[in-house]
Amino acid sequence: MTLKIYNTMSCKSEEIIPGLTQDVSSGKSHPVTIYSCGPTVYSYAHIGNFRTFLFNDFLRRYLKFRGFRVDHAMNITDVDDKTIAGAARDGVTLKQYTEKYTDIFFEDLKTLNIESVEHYPKATESIDAMIDIISRLEKKGIVYEKEGSLYFSISKYERYGRLSNVESREIKSGARYDADEYEKDDVRDFALWKASKPGETAWDTPWGKGRPGWHIECSAMIRKIFGTTIDIHTGGVDLIFPHHENEIAQSEAAYDETFVRHWIHVEHLLVDGAKMSKSKGNFYTLRDLLDRGHSPRSIRYLLITSHYRKQMNFTFEGITQADQALERIDNLIVRLKDIRKTAPPGADAGSLADQFIDRFTAALDEDLNISGGMGALFDFIHAANALIDREAISIDDAQLILDVLKKIDSVLGVIFFTESGTRVDEARIQGLLDERTRAKKERNFARADEIRDSLLAEGIILEDTKEGTRWKIRK
RNA sequence: GGCGCCGUACCCAAGUGGCAAGGGAGAGGUCUGCAAAACCUUUAUGCAGCGGUUCGAAUCCGCUCGGCGCCUCCA
């Protein structure tokens, strides 16, 4: 079995083969090199942003599950028009302003159980690499200057437009374009380096003081961190044009080698059937949802379990359905931990587990078909419940099933999601359970119900089974 | 106007030529002092509509209708 993922450049699913164009003489297996477009730290990221960042996490986790090593970078854009404007508005330095939102962003990643990646380069710390690219482009005569800003000349780069697959983009009649770019030679030309206004944060360059254009940072960071062609570049679909197209143009023109082999783009999250916008009132940050009482775990589940290449419509009903699905998983774990029967492991649990892993892997190998993978998971849960019902399961079998769930959860990150929530006093609860069992034996149902109700009020759900009473925390 | 995606049950959602996965909700059942919870069973002769290709179509082709995105800062 091989892992295939859709490549926006070729318009088809292609196998992931790390380091195909890198030095293969070392004999050591190459890590999959990944670059993901990260946030611009000018405000709170919204749940649409997090769909993409959760996808990056899922991709990374699945690659590791499949035995690849990964070397993953995600940039922090800490200088652009919005961050400069925000800092000015708040009367703080650019650095103070962006550090605040960078910290918030990392907190949100942690909340969503997103793994740290190997590199988090910042635009403001990659200026030297940007200058290197622009210098090379200048020597090749691809750069021109207008009023202190440097532009990339599309007409000098014949291969432009392969990613977005459009010969020459036509500007929609009546479309606006930025006032500060109206003096470009060609509307498609883009700024590599912008002249700074007095008082703005600026960097010294061979061309005078200024600040980076938007696209240059990704090209620079990839060069700086990985040196050469990378395996995978990810981002939202809105970045295909012009951002990624421009990255390709400047990098390949500067270094005369393939920039990225595999382009992966995540479709947009819609809310109530439409793109999020503040004016429509359907704009949510992660914290907005948490404030409404939704758990990070449910949000992660919801955003991760729909296919990355399909638009996803976010609704509050969807979160509720995610909650229910998670509860079904949790309930199996509660039952498994309640198994007391000692016996040698039966063949059933082992073969179920193997079948499950095979089905899960086969599904995800086909362009990360998460729905197929989740189908396999729930079938497995169903089969495990059936084993428990037949009492055909020992402690060792139960442990084997738990281990398989842990293995799958290295990809999903939702099953054993740790939440720093309510700490419970297990001994006290067990004491109350024992008291209730005695009360029931004495047919003192009033006392038994009183205990049940008071625990429920604390968020503890009691489950009476043939073997006795067990409890779980209400989610 | 240009480029592209999507339409599968009450809701969400796989399936790209061979008996329509899975989750939620609903209904029935098991268990229980009663409940709850849990588990089990069940729910589309049907895949937006109309034609066509084929022994066979949700799947391929054409047309129609409907929804959405990008083309402009954007994940």
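Every chain is numbered from 1 and lettered A, B, ... according to where its sequence line falls, protein lines coming before strand lines.
- Here, B:rC47 and B:rU59 have their P atoms 9 Å apart, quoted to the whole Å.
- Taking the six-membered ring for Trp and the full ring otherwise, A:Y101 and A:F105 have centroids separated by 6.0 Å or more.
- For residues 367-380 of chain A, every residue pair satisfying the side chain to side chain donor-acceptor pair (under 3.5 Å) rule, not counting sequence neighbours, is listed here: A:Y308-A:D367, A:R309-A:D367, A:R359-A:D379.
- Of the P atoms belonging to B:rA58 and B:rG17, the separation is 13 Å, rounded to the nearest Å.
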Would you tabulate the nitrogen or oxygen pairs shorter than 3.5 Å linking the protein to nucleotides 42-44 of chain B?
none

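- Remark: P of B:rC5 and OH of A:Y308 are 14 Å apart, rounded to the nearest angstrom.
- For the pair A:Y6 OH and B:rC5 C1', the computed distance is 10 Å after rounding to whole Å.
- B:rA20 and B:rA9: their P atoms are spaced 15 Å apart (whole Å).
- Taking the P atoms as reference points, B:rG29 lies 49 Å from B:rC65, given to the whole Å.
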Practice task
Would you give a per-nucleotide map of nucleotides 27-38 of chain B, 5' to 3', where B means the base has a protein non-hydrogen atom under 4.0 Å away, S means only the sugar-phosphate does, and - means neither?
Solution key: ------BBBBBS
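- Side-chain contact between A:D365 and A:T2 is absent, with no heavy-atom pair separated by less than 4.5 Å.
- Atom CD in A:E391 sits about 13 Å away from atom C1' in B:rC39, given to the nearest Å.
- In this structure, A:L269 atom CG and B:rC68 atom P are separated by 15 Å, rounded to whole Å.
- Along RNA chain B, the nucleotide closest to A:R359 and the one closest to A:A386 are compared, and the more 5′ of them pairs with A:R359.
- More than 12 heavy atoms of other shown residues, nucleotides or ligands fall within 6.0 angstrom of atom CD in A:E15.
- Comparing the P positions of B:rU45 and B:rA21 gives a spacing of 13 Å, expressed to the nearest Å.
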Exercise for the section: Walk me through it: do A:V404 and A:F380 pass the test side-chain contact (heavy atoms from CB on, under 4.5 Å)? Expected result: CA-CA 10 Å; A:V404 167; A:F380 177 64; 4.2 Å; yes
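- With a 3.5 Å ceiling on both atom-pair distances, B:rC19 lacks any Watson-Crick or G-U wobble partner.
- Taking A:N313 as the reference, A:L270, A:T315 meet the side-chain contact (heavy atoms from CB on, under 4.5 Å) condition, with sequence neighbours excluded.
- Nucleotides B:rC70 and B:rA75 have their C1' atoms positioned 13 Å apart, rounded to a whole Å.
- To the nearest angstrom, C1' of B:rC40 lies 15 Å from CD1 of A:I381.
- Contact of the A:R340 side chain with the A:E467 side chain is not registered, since no non-hydrogen atoms from C-beta on lie closer than 4.5 Å.
- Across all strands shown, nothing is found opposite B:rA44 as a Watson-Crick or G-U wobble partner with both distances under 3.5 Å.
- Between B:rG4 and B:rA44, the two P atoms lie 38 Å apart (nearest whole Å).
- One interatomic measurement links the two molecules: CD of A:E245 to C1' of B:rU72, which rounds to 16 Å at whole-angstrom precision.
- You'll find the ring centres of A:Y284 and A:F316 inside the 6.0 Å limit.
- Using a 4.0 Å cut-off between charged nitrogen and carboxylate oxygen, A:R438 and A:E435 do not count as a salt-bridge pair.
- If you measure from atom CZ of A:F356 to atom P of B:rG22, you get 15 Å, rounded to the nearest angstrom.
- Applying the 4.0 Å criterion to OP1 and OP2 of B:rU41, one finds that A:H382 has a side-chain N or O inside that range.
- Rounded to a whole angstrom, the distance from the C1' atom of B:rC19 to that of B:rG15 is 14 Å.
- For B:rU59, there is no paired base (Watson-Crick or G-U wobble, both distances below 3.5 Å).
- The residue A:L270 sits close only to the backbone: its heavy atoms come under 4.0 Å of sugar-phosphate atoms, none of a base.
- The shortest side-chain heavy-atom distance between A:N385 and A:H382 does not fall under the 4.5 Å cut-off.
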Handout entry: Per-nucleotide protein contact string for nucleotides 6-15 of chain B (B base, S sugar-phosphate only, - none; heavy atom under 4.0 Å)
Key = SS---BSSSS
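- Across every strand in view, B:rC5 sits in a pair with B:rG67 that passes the Watson-Crick or G-U test at under 3.5 angstrom.
- At the heavy-atom level, A:G235 lies under 4.0 Å from the strands shown only through sugar-phosphate atoms.
- The side-chain hydrogen bond (donor to acceptor under 3.5 Å, both in side chains) check on A:D103 picks up nothing, with sequence neighbours excluded.
- Partner assigned to B:rC10 is B:rG24, using Watson-Crick or G-U wobble distances below 3.5 angstrom.
- Between A:D80 atom CG and B:rU72 atom C1' the separation is 15 Å, expressed in whole Å.
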Handout entry: Audit row: A:I415, A:I333, side-chain contact (heavy atoms from CB on, under 4.5 Å) steps and yes/no
Key = CA-CA 9 Å; A:I415 300 176; A:I333 293 168; 3.6 Å; yes
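- A:K341 NZ: more than 12 foreign heavy atoms inside a 6.0 Å radius.
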